[in-house]
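Notes to accompany the following structure.
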Amino acid sequence: MKLLDELRVRPGDGPGLDRRDPGARLGADSKSDGLERLAKLVERLGVLHNRLYAEARRSVLLVLQGMDASGKDGVIRTVFTGVNPQGCRVEAFKAPTPDELAHDFLWRVHARCPARGEIGIFNRSHYEDVVAVRVRKLADEHVWSKRPTHIVAFERLLHDEGTSVVKVFLHESRDEQRKRLQDRVDDPEKRWKFRLGDLDDREKWDDFQRAYEDVIRETSTEHAPWYVVPADHNWSRNLCVAEILVDALDRLDPAVPAAEPGTADLTVP
Ligand code: AMP
Ligand code: MG
């Protein structure tokens, strides 16, 4: 599919973030067409997930990364409305606890990966252990610079054991982030999401973009590709992520298990 080719970062390539327009409206010609298409995909996702869950052999892991207010929460809220919460697991990764820091960086991640039959959604992920750690100087370069290699091997393990890994970077513009953070401050219902530390990260915008550029280049593989999704327009962002997910599930082509023998023409007494 042309859209997915455009979004996908080919193995060995960089994402070219500065050449991609965060304001692009991809996936449909207009917002109303986009919302119509999204509704169809949401329904299709529900059907495919039901088969995946019934089959209980394989799983899908969606990794969501992006700057503050890039829409990670919005994607989860919108794209998964048709998915049965039973068999769907959302995991949000915050700054590691002392116990987590006392282990290797993948320890807490592996424990939260989806079980067979599940769709797992990572709201932030092991990529924080490269990007945030690098930009905020939480560990030395000799620590974080080795991590992408371990991540590639880890994601290959997941893939070989039956988990399809798809990774999405929500590509937001700096200007749109300013508007959205201001909106968070101004709206009492959203203010809880805002932290003063968000402004520190915003100040380091270019460093974060550089760190994402590098880690996406190092970790976009055949078995766990990265997709860069323009994130300034919510409808297009949601639509692109839905297309990516439906494509991943379509390729798995899950099937409900065969019925028990003798049940085909059964009349329930
Ligand atoms: P939020 O997702 O906006 O609620 O914020 C969670 C915060 O936790 C973000 O600032 C992340 O950068 C931070 N975080 C998540 N994982 C890690 C990690 N492994 N190391 C450092 N910071 C992290
Ligand atoms: Mg935040």
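Counting starts at 1 for both ligands and their atoms, in listed order. Remember, it's a predicted structure, so these values are computed and weren't measured experimentally.
Judged as a side-chain contact (heavy atoms from CB on, under 4.5 Å), and not counting sequence neighbours, the contacts of Glu260 are Thr263.
Residue contacts with ligand 1 for Asp68 involve side-chain atoms from C-beta outward but no N, CA, C or O (heavy atoms, distance under 4.0 Å). Of all the heavy atoms of Arg124, the ones lying under 4.0 Å from any atom of ligand 1 belong exclusively to the side chain. Counting heavy atoms under 4.0 Å from ligand 1, residue Arg136 touches it through the side chain alone. Proximity of Asp198 to ligand 1, defined as any heavy-atom pair under 4.0 Å, is not found for any part of the residue.
Within ligand 1, the atoms closer than 4.0 Å to a non-hydrogen atom of Pro96 are 17 (C), 18 (C), 19 (N), 20 (N), 21 (C), numbered from 1 in the order shown. The atoms of ligand 1 that sit less than 4.0 Å from any heavy atom of Leu138 are 21 (C). Residue-ligand proximity, Phe93 to ligand 1, at heavy-atom distances under 4.0 Å covers atoms 15 (C), 16 (N). Interface of Arg108 with ligand 1, defined as ligand atoms under 4.0 Å from a residue heavy atom, comprises 16 (N), 17 (C), 18 (C), 19 (N).
For atom 19 (N) of ligand 1, the closest non-hydrogen atom on the protein side is Asp129 OD1, 2.9 Å. Scanning the protein for heavy atoms near atom 17 (C) of ligand 1, the closest one is Glu128 CB, 3.4 Å. Atom 4 (O) of ligand 1 has Lys94 NZ, 2.5 Å as its closest protein atom, hydrogens excluded (heavy atom only). For atom 13 (C) of ligand 1, the closest non-hydrogen atom on the protein side is Ala95 N, 3.8 Å.
In this structure, Asp68 pairs ionically with Arg124, as a charged nitrogen and a carboxylate oxygen lie closer than 4.0 Å. Using a 4.0 Å cut-off between charged nitrogen and carboxylate oxygen, Asp207 and Arg210 count as a salt-bridge pair.
For a threshold of 3.5 Å applied to N or O pairs, the pair formed by Lys72 and ligand 1 contains no separation below that value.
Within the structure, every pair that satisfies the salt bridge (charged side-chain N to carboxylate O under 4.0 Å, His left out) test and touches residues 102-112, not counting sequence neighbours, is listed here: Glu91-Arg112, Glu100-Arg108.
Donor-acceptor pairing under 3.5 Å is recorded for the side chains of Arg202 and Gln177.
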If you look only at distance, which donor and acceptor atoms sit under 3.5 Å apart when one is on a side chain in residues 20-27 and the other is two or more places apart or in another chain?
residue : atom : partner : partner atom : Å
Arg20   : NE   : Pro15   : O            : 2.7
Arg20   : NH1  : Glu6    : O            : 3.0
Asp21   : OD1  : Gly23   : N            : 2.8

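Protein N/O/S atoms found under 2.8 Å from the Mg ion (ligand 2): Asp68 OD1.
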